[in-house]
Structure formats: C-alpha cells, structure tokens
Number of protein chains: 2
Amino acid sequence: MYKVQHFQSSKSLAKSIALQPITANASSSSEALRAISYVKHFKRDQEVFGQDERSDNWYGVVSGAVREYVVRSDGRRQIIDILLPGDFFGFTLRTHRWFGVQAVADDTTLECYPRQRVEALADIDPCAAKDIRARCFQAIERLEEQMLVVGTMTAQEKVRGFLSYFCDRMAVAQDDDAPLPISRYDIADMLGISVETVCRAFTDLQERGVITLQGPRRIKIVKRDQY
Amino acid sequence: MYKVQHFQSSKSLAKSIALQPITANASSSSEALRAISYVKHFKRDQEVFGQDERSDNWYGVVSGAVREYVVRSDGRRQIIDILLPGDFFGFTLRTHRWFGVQAVADDTTLECYPRQRVEALADIDPCAAKDIRARCFQAIERLEEQMLVVGTMTAQEKVRGFLSYFCDRMAVAQDDDAPLPISRYDIADMLGISVETVCRAFTDLQERGVITLQGPRRIKIVKRDQY
DNA sequence: CGTAGTCTTGAGTATCCTCAACGAGGGTGG
DNA sequence: CCACCCTCGTTGAGGATACTCAAGACTACG
C-alpha cells in the first residue's frame, strides 16, 4: 500500500475512521410512497428475485436481512452486499437484474415498491422524490463504507471491519451483545476470503479481547475504538 | 468460498458475468440542472474536497479521473472508488465528508452542482429530479460492480476484473488500446493488494496473452470473454 | 437417532506481502 | 545541456498470511 509519506494531502493527515450516524432521519417514509408499497415475507434462502429477472420492483428491508449475490461460472458464489433493516435495494436503470437476491434470515420482511408506480409518483410528488433520493444516498454511502471494509488487506481487518459495521447497524445498546443472523459462509463470500479464515479471525479476535462470543451467533464488540 | 452444490438457488445456476451497458442514456443532463452547474479544472493530486470538509456540492466527471480515498491512522491510504467521465459523486445526507477526493489525471474537469440549489431545483422540476435519480442509480450500480471485483479472492482476478471494468468504461474501439491514467499504486490501494502484486499480475496477464501492454500506461484486453 | 448444515481446528501448500534493488522517464537547477 | 533528484514500474528473495483439504464437534430437524 501507498504510505502517506509520498503523497501529499493538503491537510487531511492520518485519521481514524469512525463514522457519525447520518443526521437526517431517512427511515421515515413519505406517506404517499408507503401507500403504494406492499409487504412480503420470506423464509431463509428464499429468492426475492433471481439473476436475469426483470427489474420491476424496488425493495426496503423491514426485518431480517437479504443478500445480493452472483454465482460465477466456476460455481463460486460471491456476495455483493448484505442488506439490513432500513436498507433499500433494487434501484436500477436496467430492465433486467444482473445479480440475485435471497433472504438471509428466516423472518425476513420486505416492502415492495412497484417501479412504474413509484416513478409516476415521484414525478408528481416532490416529497416522495426527495424520499427516494435520500434512500439512494443511503445506498451509496453504505456501499462506499463496505468498499472500505472489503478493500482492506488482511483478513483480520476485513472481519473486524465487517463486525464493526454490522454491530453499528444493529444499534444495540453498547453493553449488549448483538444477534448475528449471517453465517460464516456469507461473511466469507462477502469479504472474498475462505470460511476457515473467517472462523480463525473470529477466534483470534476473541482471544485478543476485541469481541466476545456467546455461541457462534451472538457477538459483542468490546474494544470498539481500535479500528 | 461457498460452492454452489450446497446452496440451492432455484433457477439461477452458474453464470458468466458480462454486463450489458445501461439502456437509458443517463449522461444527458436536463437543461435546468446543467444551468446551475459550473465547471472546474484540476491538476494531478489536487484536492476536490478533503476529509471532514462540509459537503456543499455534488460533482460530475467530465474528463480525467478522480479518486475517493481515506488515510487510515497507520498512514495507509485506501481508495474507495475511482470515478471516470460520466460518473457523479458527492451525493450524501451527511453535512461533512468522511473521505477525500483528488484528481488522478492532470487534465481533470468536473461539473460542480451546489447542493442547496440542486435540492431546490429538484423540488420544483420533476425532470431534474428524475435526472438526479438516474445518476444515483448509476452510482449504485457502479459501486456494486466494483464490490464484485474487489470481493474476488485472488489478486489475478482482482486485477483482471479491474481492467475489464476499466476498459469497458473507456469504451474504446475493441481493437484499440486504451490509455490508463491510473497508476499501479492507485490500483493496488483500490483492490487491497500491494503494488508489486499488481505489477506481477500485469506481467502474468500479458504472458498469458490476456492483455497487451504498449508501455505501462497503454493497455489492450485481448481475451475479453474469459472473465 | 441419523442426517445435513454449520462451525471449528489442524496440517501442508500456494499465494501474496515485505524489503530491497534497479531501470526508465520527467522535472529542476546548476 | 547534463547531473541530480523523485516518482513510477518492475523484478527477485524470503517470510508471513491465507487457502485447501481433511476431520471432528455442535446444532437443528425429521
């Protein structure tokens, strides 16, 4: 990696990365927008839409979690993004999808927004349009944050970054442990590392006192600051 | 990585990933939007905005290229995204930036869109609002594509994916070689690998006949399909 | 109770990082 | 003009990291 010494940034020197929560309350929907949505429930691994399907809907996660994924020609799965409650997805200009989406958790609930009706609404209701923009911005920032996590060099850092991001999102009380609805396989396929490496990172982090595990699916970040 | 055998996707089996270009012509701006923008030129490594600065503008790349980056507390730089002509960036709900942006190329030209004026315009002009949405969608898809590249396992694949993406974006004639305004260091910091590994990947790919290099900054992809 | 899926650990190997060195090109100053 | 940086690109050697394969523990579920 490029050390900072030979690239002169005017004022922004070394900075520990700790994002503030977004100021605007973007999870509150405009009434009109909510009115044209309908709710749908999904079980674990159930497909929301598949690769190559027509992109007729936008979605918002109400509860549970979903994964955006592709399956490569060699049979390997890769996860593009994992969406948590409050996240929106399915925005596109294309007519067809190039990745699939499945529910991760068993009790996943989504809001579905028919694309054409939303577009029509946005054209006559500036408030709804503003709302959609806000959600797009959220999606962009979420992806940017994850680029930062996935783009780190070591597996340790990737896993730590992922857990840090995830626990922030879960927004549990600081002293509480968060339920982790995401499997080691999902984490591995998202970070581009092997399952075994994810496991080893978990145990390493626990041994070093960074996290605490109550069973494989309950986690608590102890040293939150040192990232 | 998760092999496809033990995860049942209903119909979407192995698929080689080759994205079609986006159908809508999203680079054409609405007149009103363009009217409130102004153009700015940047030299190599010049800052468009820095970490922690107020986020008062949105930007579109006209020519050249820019990088979104952060500098970690250990002095390492990490690149979140590289933006090429036609890309828009700076969308956010936050009042302040959490990453910096610099010009990569020497002749970089940007359109600047004052945030407040754009917001005001969007509220009264549905066409402009639609235009902004389209750009957000583009940004989301660009980031998703790059998550796919950065999230691969081997350095080879990452570099190949990056070059494939880049050459597609440059949209040169198939038989022509594309100028590469991005340094090996930038590529490394974006993909989360070392510069030396990027170099070795370049030479490997050339030896295997996948790419051709006319000097380090001119590149042509020969076997475009095998990705 | 058996089976399937998940999680974890170990051993050996491949990949990639680090450090080091060197060549090429561009800019600057003498 | 030329010597002198400095940056970028490239290659080599050695060591650290992460992958692969394998096996076992644990859980959920029929």
Side-chain angles (χ1 to χ4, degrees), chain A residues 1-8 43-45 74-78 102 104-107 150-160 163 179-207 211 213-219, chain B residues 1-9 43-45 67 74-78 102 104-106 150-160 163 179-189 191-207 211 213-219:
Chain A
M1 265 187 180
Y2 216 29
K3 293 292 197 315
V4 107
Q5 27 187 344
H6 50 117
F7 109 96
Q8 65 293 16
K43 287 196 288 282
R44 203 170 81 101
D45 291 339
D74 60 0
R76 298 191 144 182
R77 183 185 67 161
Q78 194 168 336
Q102 294 176 328
V104 171
D106 230 342
D107 55 341
V150 178
T152 52
M153 295 195 75
T154 69
Q156 279 267 348
E157 282 174 319
K158 288 183 188 178
V159 172
R160 191 145 41 107
L163 290 178
L180 183 67
I182 302 161
S183 77
R184 305 286 193 265
Y185 288 93
D186 284 329
I187 298 173
D189 287 356
M190 169 132 191
L191 299 178
I193 58 183
S194 69
V195 200
E196 295 92 333
T197 303
V198 174
C199 268
R200 285 186 244 270
F202 266 89
T203 52
D204 280 4
L205 289 172
Q206 190 175 21
E207 280 171 7
I211 62 173
L213 292 170
Q214 257 92 39
R217 293 299 186 99
R218 291 205 71 84
I219 190 173
Chain B
M1 265 189 179
Y2 216 29
K3 293 291 197 318
V4 108
Q5 27 187 342
H6 51 116
F7 109 96
Q8 63 292 15
S9 75
K43 288 195 287 283
R44 203 171 82 101
D45 292 338
R67 55 174 158 250
D74 60 359
R76 300 190 143 183
R77 184 185 66 162
Q78 192 168 339
Q102 294 175 327
V104 171
D106 231 342
V150 178
T152 51
M153 294 194 75
T154 68
Q156 279 267 348
E157 282 174 318
K158 287 183 187 176
V159 172
R160 190 143 44 105
L163 290 178
L180 183 67
I182 302 162
S183 76
R184 306 285 194 267
Y185 288 92
D186 284 329
I187 298 173
D189 287 355
L191 300 178
I193 58 183
S194 69
V195 200
E196 295 91 335
T197 305
V198 174
C199 270
R200 285 185 244 269
F202 267 88
T203 52
D204 280 4
L205 289 172
Q206 190 175 21
E207 281 170 7
I211 63 172
L213 292 171
Q214 257 93 36
R217 294 297 187 100
R218 292 203 72 83
I219 190 173

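The chains referred to below are lettered A, B, ... by the order of the sequence lines, with proteins before strands, and numbering in each begins at 1.
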Under the side-chain contact (heavy atoms from CB on, under 4.5 Å) test, which residues partner Val104(B), sequence neighbours left out? Ala65(B), Arg67(B), Ile182(B), Asp186(B)

N/O (side chain, Arg217(B)) to phosphate O (OP1/OP2, dG9(D)) under 4.0 Å: yes

Axis bend over the full length of the helix from dC1(C)-dG30(D) to dG30(C)-dC1(D), computed from five pairs that close each end, to 10 degrees: 30°

Listed partners of Arg218(B) passing salt bridge (charged side-chain N to carboxylate O under 4.0 Å, His left out), at least two apart: Asp177(B)

Among residues at least two apart in sequence or on other chains, which ones pass side-chain hydrogen bond (donor to acceptor under 3.5 Å, both in side chains) with Asp106(A)? none

Please report the distance, rounded to the nearest Å, between CZ in Arg218(A) and C1' in dC7(C). 17 Å

Arg44(A) side chain: which of dC8(D), dT10(D), dT6(C) is closest? dT6(C)

Nucleotide by nucleotide, nucleotides 10-17 of chain C touches protein heavy atoms under 4.0 Å in the pattern (B base, S sugar-phosphate only, - none) BB----SS

Those residues that, when tested against Gln206(A), pass side-chain hydrogen bond (donor to acceptor under 3.5 Å, both in side chains) (two or more places apart): none

Under 3.5 Å, N/O pairs linking protein and nucleotides 24-26 of chain D:
none

Is a donor on one side and an acceptor on the other found under 3.5 Å between the side chain of Arg184(B) and the backbone of Pro216(B)? yes

Length of the line joining Gln214(B):CD and dG25(C):C1', which is rounded to integer Å: 18 Å

Shortest non-hydrogen contact between Gln78(B) and Gly151(A), atoms and distance: NE2-C, 3.2 Å

Any Ser183(A) side-chain nitrogen or oxygen under 4.0 Å from OP1 or OP2 of dG5(C): no

Between C1' of dC8(D) and CG of Asp106(B), the distance in whole Å: 15 Å

So, using side-chain hydrogen bond (donor to acceptor under 3.5 Å, both in side chains) as the criterion, who are the partners of Thr154(B) when residues are at least two apart? Glu157(B)

